[in-house]
J.: 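Could you have a look at this structure, given as structure tokens, before my questions?
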2 protein chains.
Amino acid sequence: MSDEAKRLEEAREQFVAQWGALGTQWGINRTMAQIHALLMTTAQPLGTDDVMEKLQISRGNAHTNLKELVAWGLVRVVVKKGERREFFEAEKDVWQIFTTVARERKRREIDPALGVLHQCAEDSRDMQTPEGKQFHEQMRQLEEFVGFASKVADRVAGMKHGFAIQLAAKMLG
Amino acid sequence: MSDEAKRLEEAREQFVAQWGALGTQWGINRTMAQIHALLMTTAQPLGTDDVMEKLQISRGNAHTNLKELVAWGLVRVVVKKGERREFFEAEKDVWQIFTTVARERKRREIDPALGVLHQCAEDSRDMQTPEGKQFHEQMRQLEEFVGFASKVADRVAGMKHGFAIQLAAKMLG
DNA sequence: TGACGCTTTCACTATTTTCTGAAAGTTCGA
DNA sequence: TCGAACTTTCAGAAAATAGTGAAAGCGTCA
């Protein structure tokens, strides 16, 4: 193996390890983040056994997290003709990754919060005491804000890269 | 206790419980989210023992998470004159809460990622093989995007409520 | 049909995170 | 200087989460 190939291996391992650690902080399972990192930096699709070997994990673990990444929409299943097993390939376009994650997190984190807040605001709508009114008002404001965030997330997730850049440039300028 | 007071208690408990569950999904410790919910919906500041009692948790747990909330900047310590113990009060303004959380998450999640990516991009700067070049390019794009996100976060976190509303209205309109 | 190659599931184990409760530390008034 | 009133820390217990490995499932082809 050439010197550069070795360096590339090292750099990739570095990236995989650190991305995994970051994933943990982000509330994402370490293995899932590591597989994603591995796949993002590999040109050709990998099979389950490749992933198991590179990350030194069990088949069950590799399988579960690969499928989870597919469920998130961050990884595609690729079938090679003449091959029976499945290969996996990560989306590599950064803006695409971002919108996918944004959509998914909105669905998993924002939408449920909205439900809770709406319910609580409803339940306290008619309260008369100062404490009751204050509670209702707080719920209402939270609901309003989160609903707003929800719309922004939809909007951003639906934008084309170019348009987002333009908007952001205006914002930062 | 009046009927409404009872209903308020129930609604609050509902909110606390559900907000705690949501916190977990968001990668935030359940107790911390619950204390935050409790404090956000309570007009007057609470002491450690109040929190322990309402949430049925130990002193150590209450203490640790109250201090953590203070460290995040979501809760203030209040000293009442003539009282030796500390009371705690949550920030209630929604936009304020949002900017605080945005700042904190940027610091904890975005900035470290930027460090990792920059390092990896550097380490692969001079690679010559197609795989090496591709790796470098991927790191570069990720770094660029995350750096950009970092700037946007700073900008948004620094905005006044009114301005943000205006911007968002333009965006959604 | 059956057995091969691969995928999927799941009971159990390991690891990580969170919580408890008690002891130690701090502050302040008498 | 003592001790009451709080706050803070932390070792170990409990709970939650993640990972393993083996068995079961599935589709294909001889």
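Proteins come first, then strands; the chains are lettered A, B, ... in the order of their sequence lines, and each starts at number 1. Being a predicted model, the structure only gives us computed values, none of them experimental.
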J.: Where does the angle between the aromatic ring planes of A/Trp95 and A/His161 fall among parallel (under 30°), tilted (30 to 60°) and perpendicular (over 60°)?
T.: parallel
J.: Holding to side chain to side chain contact (heavy atoms under 4.5 Å, CB included), I want the full list of residues that pass it with A/Lys106, two or more places apart in sequence or in another chain.
T.: A/Ile110, A/Asp111, A/Ser150, A/Ala153, A/Asp154
J.: Does the pair A/Thr41 and B/Gln138 meet the rule for a side chain to side chain donor-acceptor pair (under 3.5 Å), with working shown?
T.: CA-CA 7 Å; A/Thr41 58; B/Gln138 186 71 34; over 6 Å; no
J.: Tell me which residues in residues 63-72 of chain A put a heavy atom below 4.0 Å from DNA chain C, sorted by number, or none.
T.: A/His63, A/Lys67
J.: Quick one: A/Met52 CE to D/dT20 P, roughly how many Å, whole number?
T.: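 Atom-to-atom, A/Met52 to D/dT20, this comes out as 9 Å.
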J.: Rounded off to whole Å, could you give me the CZ-to-P distance for the A/Arg85 and C/dT7 pair?
T.: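 Value for this atom pair: 8 Å.
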J.: More than 12 non-hydrogen atoms from neighbouring residues, nucleotides or ligands closer than 6.0 Å to NZ on A/Lys80, yes or no?
T.: yes
J.: Which ones in residues 24-36 of chain B lie close to DNA chain C, meaning a heavy atom under 4.0 Å from one of its atoms?
T.: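 Residues of residues 24-36 of chain B that come under 4.0 Å of DNA chain C are, in numerical order, B/Asn29, B/Thr31.
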J.: Yes or no on side chain to side chain contact (heavy atoms under 4.5 Å, CB included) for B/Thr42 and B/Arg12, after CA distance, side-chain angles and deciding distance?
T.: CA-CA 9 Å; B/Thr42 305; B/Arg12 203 204 306 282; 3.7 Å; yes
J.: Pairs under 3.5 angstrom, nitrogen or oxygen only, protein versus nucleotides 21-29 of chain C, please.
T.:
residue, atom, partner, partner atom, Å
C/dT27, O2, B/Arg84, NH2, 2.3

J.: Kindly state each residue pair satisfying side-chain hydrogen bond (donor to acceptor under 3.5 Å, both in side chains) with at least one member in residues 65-74 of chain B, sequence neighbours excluded.
T.: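 Every side-chain hydrogen bond (donor to acceptor under 3.5 Å, both in side chains) pair that includes a residue of residues 65-74 of chain B, provided the two are not neighbours, is B/Asn61-B/Asn65, B/Lys67-B/Glu86.
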J.: Just the rounded figure in Å: distance from P of C/dT7 to CG of A/Leu46.
T.: 13 Å
J.: With side chain to side chain contact (heavy atoms under 4.5 Å, CB included) as the criterion, how do A/Leu117 and B/Gln18 come out once you've worked through the C-alpha distance, each side chain's angles and the decisive distance to 0.1 Å?
T.: CA-CA 9 Å; A/Leu117 291 168; B/Gln18 305 228 51; over 6 Å; no
J.: Salt bridge (Lys or Arg N to Asp or Glu O under 4.0 Å) for B/Glu143 and B/Arg140? Distances and angles first, verdict last.
T.: CA-CA 5 Å; B/Glu143 184 188 355; B/Arg140 218 190 48 65; over 6 Å; no
J.: Does the pair A/Gln141 and A/Glu137 meet the rule for a side chain to side chain donor-acceptor pair (under 3.5 Å), with working shown?
T.: CA-CA 6 Å; A/Gln141 284 181 16; A/Glu137 184 58 14; 3.0 Å; yes
J.: Is B/Glu83 reaching over with its side chain to a backbone N or O of B/Arg85, donor-acceptor style, under 3.5 angstrom?
T.: no
J.: For the pair made of CD in A/Glu86 and C1' in C/dC6, what is the distance, rounded to whole Å?
T.: 9 Å
J.: Whole angstroms only, please: what is the CG-C1' distance between A/Asp49 and C/dT7?
T.: 11 Å
J.: Quick one: side-chain hydrogen bond (donor to acceptor under 3.5 Å, both in side chains) partners of B/Glu109, sequence neighbours excluded?
T.: B/Arg105
